[in-house]
Amino acid sequence: MSTAQRRGRRIMMSPRELDSYLAGQRTCRVATVSADGTPHVSALWFAWDGAALWLYSLVRSRRWAHLLADPRIAVIVDDGEEYGELRGVELCGTVEFVGEAPRTGAPCAELAVPEGLFAGRHFGLARMPHDGRHGWLRLAPEHIVSWDFRKQ
């Protein structure tokens, strides 16, 4: 994973800050591209495990269809109201489809950690509720850019 930034090194998050920030956020914006090149951006809940961003997506969504055809993705997680408070992370790479799709809860050791993180953060539960409409995408970022304007 590349986290080297050519610009904005002064406001770049450290690895520890980046990890803490992503672990504390709930919503990201996911950018995909259709076969004809039309961009599509949608909001989605996620979980961060310290190495990968886990996205729980509807399998009958435009996002899922785009990623089946072309698994390249860009994701933004950001916050802040005033200019001096703006901070965020852009993660880019290729997603992997993990587990059954749609997910009904069949045992999958690879999903134990992300489902535990996601269930607790988004549902306040110890175990992931499965609705048979969503599937898991893992983004192990190939490139990360971050900013924290509070450092200026």
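Below, all heavy atoms of this structure are taken into account, side chains as well, without hydrogens, waters or symmetry copies.
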Would you say the side chain of [Y] lies within less than 4.5 Å of the side chain of [X], judging by non-hydrogen atoms?
| X | Y | value |
| --- | --- | --- |
| Val75 | Arg29 | no |
| Arg60 | Arg133 | no |
| Trp64 | Phe97 | yes |
| Cys28 | Leu55 | yes |
| Met13 | Val89 | yes |
| Leu67 | Ile73 | yes |
| Leu22 | Leu91 | yes |

Check your understanding: How many angstroms lie between OG in Ser14 and CG in Asp148, if you round to the nearest 0.5 Å?
Key -> 9.5 Å

Check your understanding: So how far is it from His66 NE2 to Ser42 OG, rounded to the nearest 0.5 Å?
Key ->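 So the NE2 of His66 and the OG of Ser42 are separated by 9.5 Å.
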
**Study point:** Steps toward salt bridge (charged side-chain N to carboxylate O under 4.0 Å, His left out) verdict (Asp78, Arg87)
**Key:** CA-CA 6 Å; Asp78 65 338; Arg87 61 187 179 150; over 6 Å; no

Practice item. Please work out whether the ring planes of His130 and Tyr56 are parallel, tilted or perpendicular, with thresholds of 30° and 60°. Key: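 If you compare the ring of His130 with that of Tyr56, the planes turn out perpendicular.
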
**Study point:** Result of checking Glu142, Arg72, Arg138 against Thr94 for side chain to side chain donor-acceptor pair (under 3.5 Å)
**Key:**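 Of all the options given, the one that passes is Glu142.
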
Point to revise | More than 12 heavy atoms of other groups within 6.0 Å of Glu81 CD | key: no

Practice item. Could you tell me whether Arg62 atom CZ has more than 12 heavy atoms of other residues or ligands within 6.0 Å of it? Key: no

**Study point:** Criterion ring pair (Phe, Tyr, Trp, His ring centres under 6.0 Å) against His122, the qualifying member of Trp54, Phe46, Trp45
**Key:** Trp45

Check your understanding: Cut-off 3.5 Å, side chains only: do Arg63 and Thr32 have a donor facing an acceptor?
Key -> no

Exercise for review: May I ask you to decide whether Arg150 forms a salt bridge with Glu17, counting only side-chain N to carboxylate O separations under 4.0 Å?
Suggested key: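 No, this pair does not count.
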
**Study point:** Residues forming a side-chain hydrogen bond (donor to acceptor under 3.5 Å, both in side chains) with Glu115, sequence neighbours excluded
**Key:**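 Applying side-chain hydrogen bond (donor to acceptor under 3.5 Å, both in side chains) to Glu115 gives Arg103, Trp136.
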
